[in-house]
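Below you'll find the structure, written out as structure tokens, and then a few comments.
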Amino acid sequence: MDKKKVIKHLETIAIYLELKGENPFKISAYRKAAQALERNDQSLDEIDDFSKLDGIGKGTNAVIVEFIEAGETETLNDLKEEVPEGLIPLLDLQGLGGKKLAKLYKELGVIDQVTLRKACENGDVEKLSGFGKKSVEKILQALDEIGKRPERLPLSDVLVLPQLIEEELEKIDDINRYSIAGSMRRLRETIKDLDYIIATTNPKQVADSLVHLSAVKEVVAHGETKVTVIVESKWDVSVDFRLVAPDEFYTTLHHFTGSKDHNVEMRRLAKQKGLKISEYGVEEEETGKIHTFDSEQAFFEFLEVPYLPPEVRETGEEVSVNHSPNLIELADIKGDLHMHTTWSDGAQSIEEMVKKNIEKGYQFIAITDHSKFLRVADGLDEVRLRQQREKIKEVQAKYPEITIFCGVEMDILPDGTLDFSDEFLKEMDFVIASIHSSFSQSEEKIMARMRTAMESPYVDMIAHPTGRLIGRREGYALDIDTFIDWAVETNTIIELNANPNRLDLHWTELRKAQEKGARIAINTDAHSYQMLDDMAIGVKAARKGWIERDTVINSWTPEQLQSFLKTKKGEA
DNA sequence: GCCGTTTTCGGCCCGACTGTTTTCAGTCG
């Protein structure tokens with residue numbers, strides 16, 4: 001029995017309660033109990049009394065205990081007898097919530113997609129009170145679209161859109177200011193739609209311009225406070241524009257940046273102070289006076305909450321952290337320690353990459369092409385790596401303003417050995433080890449491979465530790481907690497791979513890593529010029545994990561970094 | 001179902017929109 005199963009069980013109960021049309025507060029009580037477990041750092045065995053956690057009381061505690069002991073609970077078993085399983089996916093249909101579904105089930109015997117469609121088509125649904133012609137139309141349309149597009153899209157599939165949209169927003173005269181909001185602003189790794197907040201004194205004019213943006217494929221809503229359009233890229237993506245008066249801009253921006261849980265917490269806190277937060281401002285309940293703000297910082301200050309950047313506004317618990325975190329910023333980054341060149345599968349030469357990194361203002365980089373095992377990437381063997389070192393020396397002489405580390409991204413082989421001997425690795429300035437093969441091995445084997453790499457005094461860093469590709473590949477069976485412990489124990493750097501397809505390690509794990517004292521490097525793993533720009537996304541992902549500057553080794557000077565690298569080799 | 005240096009009962013975040021109504025419930029963000 002593990003914690004994840006218990007959390008899942010509580011959430012499942014909540015879903016069934018929703019379908020039963022239960023009291024919404026009871027439903028959210030189960031969700032809150034699940035969250036309470038999720039936020040708690042301890043493992044299941046370490047928690048001696050669940051009801052001591054905030055949000056878990058007598059009832060949910062009993063459910064948890066029963067589930068741990070029996071592997072099932074009477075609560076859920078009873079619910080399953082009352083509510084057919086086939087209704088659950090129907091909750092995802094736009095416009096159908098628990099109550100309406102409960103009604104469809106009780107009055108028309110709808111139990112799944114097929115019976116729902118039938119009931120719509122033979123006119124039964126239309127006759128039901130609370131439903132009408134339009135509801136039937138919408139349900140049928142939603143049924144047609146089910147499964148066409150994943151509900152949430154991987155970040156990297158959507159990332160091009162803001163650039164495209166903002167280029168044109170810049171040109172609309174009546175826009176006073178604008179900002180992206182929603183999960184994109186918080187850098188969630190999957191995105192459902194895009195939200196923009198626009199300040200204007202001429203909403204009608206702006207709305208008319210918005211529906212004519214070149215990327216627009218379809219206009220869904222065209223009002224004076226809200227415009228919704230569908231834009232076409234790899235997928236159809238819905239974009240909401242909220243038009244507000246300039247003085248409401250920052251409270252609206254905060255509101256639509258979310259997350260929902262964050263907003264709930266902020267409002268709860270405001271309420272204790274006799275204040276009411278809405279997207280239009282903060283109202284004093286007693287006098288009705290409404291406060292608006294010149295910045296989000298001012299908004300937080302007014303509520304006496306230390307400023308929280310958008311990336312960390314997730315669970316709501318951040319609201320009660322009573323200091324502003326000193327988070328890493330893009331400007332702190334002094335170098336990039338993972339990139340490829342034409343020597344293996346990169347697009348640019350060593351010199352080209354070096355020049356581009358100098359333009360970025362970096363003080364150091366590591367050239368880290370693939371090792372010989374990775375034939376598809378034209379990985380380098382010992383001979384070619386030595387040749388490359390000579391080449392790097394030449395380039396280094398030409399560009400003394402930047403320190404170039406001779407590195408390699410060495411494969412950890414399926415049999416658990418490394419692609420190079422210690423004797424050879426000794427020659428390298430910076431050695432990355434990573435797994436690119438045999439992803440389906442058991443956790444035991446994967447961990448053994450990691451252990452070998454981390455124990456080597458010459459392996460400085462593990463790249464993209466889990467191997468996941470967001471929305472496409474799960475990653476191999478890594479025991480992340482143990483991995484982090486080993487990283488601390490062996491002085492091995494953990495990478496945060498800034499590639500938006502990866503963002504690996506994940507932000508929740510990064511936070512744990514920092515708490516345990518691990519060192520993090522944010523790297524682009526660039527295979528071309530353009531990918532060097534992913535550093536900005538990497539830094540945001542780090543901030544999302546509350547990563548502070550001192551944890552990030554590429555915020556250090558080249559000298560600090562060099563001396564740190566020596567400690568692992570025992571040369572310090 | 002949870003919770004309480006205002007409360008052990010009566011709250012639980014707030015507002016807009018939609019489609020259904022004839023004043024509002026349900027859904028959504």
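The sequence lines fix the lettering, A, B, ..., with proteins before strands; numbering per chain opens at 1. What you see below is based on every heavy atom in this structure, not just the backbone, and it leaves out hydrogens, waters and symmetry mates.
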Could you state the atom-to-atom distance from [atom1] of [X] to [atom2] of [N] in whole Å?
X: A/Q272; N: B/dC12; atom1: CD; atom2: C1'; result: 13 Å
X: A/K32; N: B/dC13; atom1: NZ; atom2: C1'; result: 10 Å
X: A/E265; N: B/dC3; atom1: CD; atom2: C1'; result: 14 Å
X: A/I64; N: B/dG1; atom1: CD1; atom2: P; result: 13 Å
X: A/I27; N: B/dC12; atom1: CD1; atom2: P; result: 17 Å
X: A/N263; N: B/dC13; atom1: CG; atom2: C1'; result: 9 Å
X: A/E248; N: B/dG15; atom1: CD; atom2: C1'; result: 13 Å
X: A/I277; N: B/dC14; atom1: CD1; atom2: C1'; result: 10 Å

With respect to the phosphate group of B/dC14, does any side-chain polar atom (N or O) of A/Y280 fall under 4.0 Å of OP1 or OP2?
no
Could you tell me whether the phosphate oxygens of B/dC2, OP1 or OP2, come under 4.0 Å of any side-chain nitrogen or oxygen in A/T60?
yes
Please state the [atom1] separation for the pair [N] and [M] - nearest whole angstrom.
N: B/dT20; M: B/dG11; atom1: C1'; result: 29 Å
N: B/dT6; M: B/dA16; atom1: C1'; result: 33 Å
N: B/dT21; M: B/dG10; atom1: P; result: 34 Å
N: B/dT8; M: B/dG1; atom1: C1'; result: 15 Å
N: B/dG19; M: B/dC3; atom1: C1'; result: 36 Å
N: B/dT23; M: B/dC17; atom1: C1'; result: 16 Å
N: B/dC13; M: B/dC28; atom1: C1'; result: 14 Å

Determine if the base of B/dT7 is syn or anti; take syn to mean the glycosidic torsion is within 90° of 0.
syn
Taking the six-membered ring of A/F67, is NZ or CZ of A/K5 closer than 6.0 Å to its centre and within 45° of its axis?
no
Among [options], the nucleotide that comes nearest once only the side chain of [X] is considered:
X: A/K271; options: B/dG19, B/dG1, B/dC13; answer: B/dC13
X: A/K276; options: B/dC3, B/dG15, B/dG1; answer: B/dG15
X: A/K138; options: B/dC2, B/dC14, B/dT18; answer: B/dT18
X: A/K26; options: B/dG1, B/dC12, B/dG19; answer: B/dG1

Answer with base, sugar-phosphate or nothing: what part of the nucleic acid does [X] contact at a heavy-atom distance below 4.0 Å?
X: A/I56; result: sugar-phosphate
X: A/S28; result: nothing
X: A/G182; result: nothing

When you compare the side chains of A/E166 and A/Y196, does any donor N or O come within less than 3.5 Å of an acceptor on the partner?
yes
Heavy-atom contacts, protein to nucleotides 21-29 of chain B, under 4.0 Å, summarised as B (base), S (sugar-phosphate only) or - (none) per nt, yield S----SSSB
Output all residues satisfying side chain to side chain contact (heavy atoms under 4.5 Å, CB included) with A/D193, sequence neighbours left out; order by chain, then residue number.
A/D195, A/S238
As a quick check of understanding, evaluate side chain to side chain contact (heavy atoms under 4.5 Å, CB included) for A/W507 and A/R543, giving each step before the final call.
CA-CA 8 Å; A/W507 56 275; A/R543 290 165 62 85; over 6 Å; no
Within the 4.5 Å heavy-atom criterion, are A/T252 and A/F256 side-chain neighbours or not?
yes
Short N-O contact, [X] and [Y], less than 4.0 angstrom:
X: A/E11; Y: A/K8; result: no
X: A/R242; Y: A/E279; result: no
X: A/K3; Y: A/E38; result: no

Looking at A/E85, I want to see if its CD is surrounded by more than 12 non-hydrogen atoms of other residues, nucleotides or ligands under 6.0 Å.
no
With a 3.5 angstrom cut-off on both distances, give the Watson-Crick or G-U wobble partner of B/dT8, or none if there isn't one.
none
Could you pick out which residue, A/E285 or A/V136, lies toward the 5' side of DNA chain B when each is mapped onto its nearest nucleotide?
A/E285
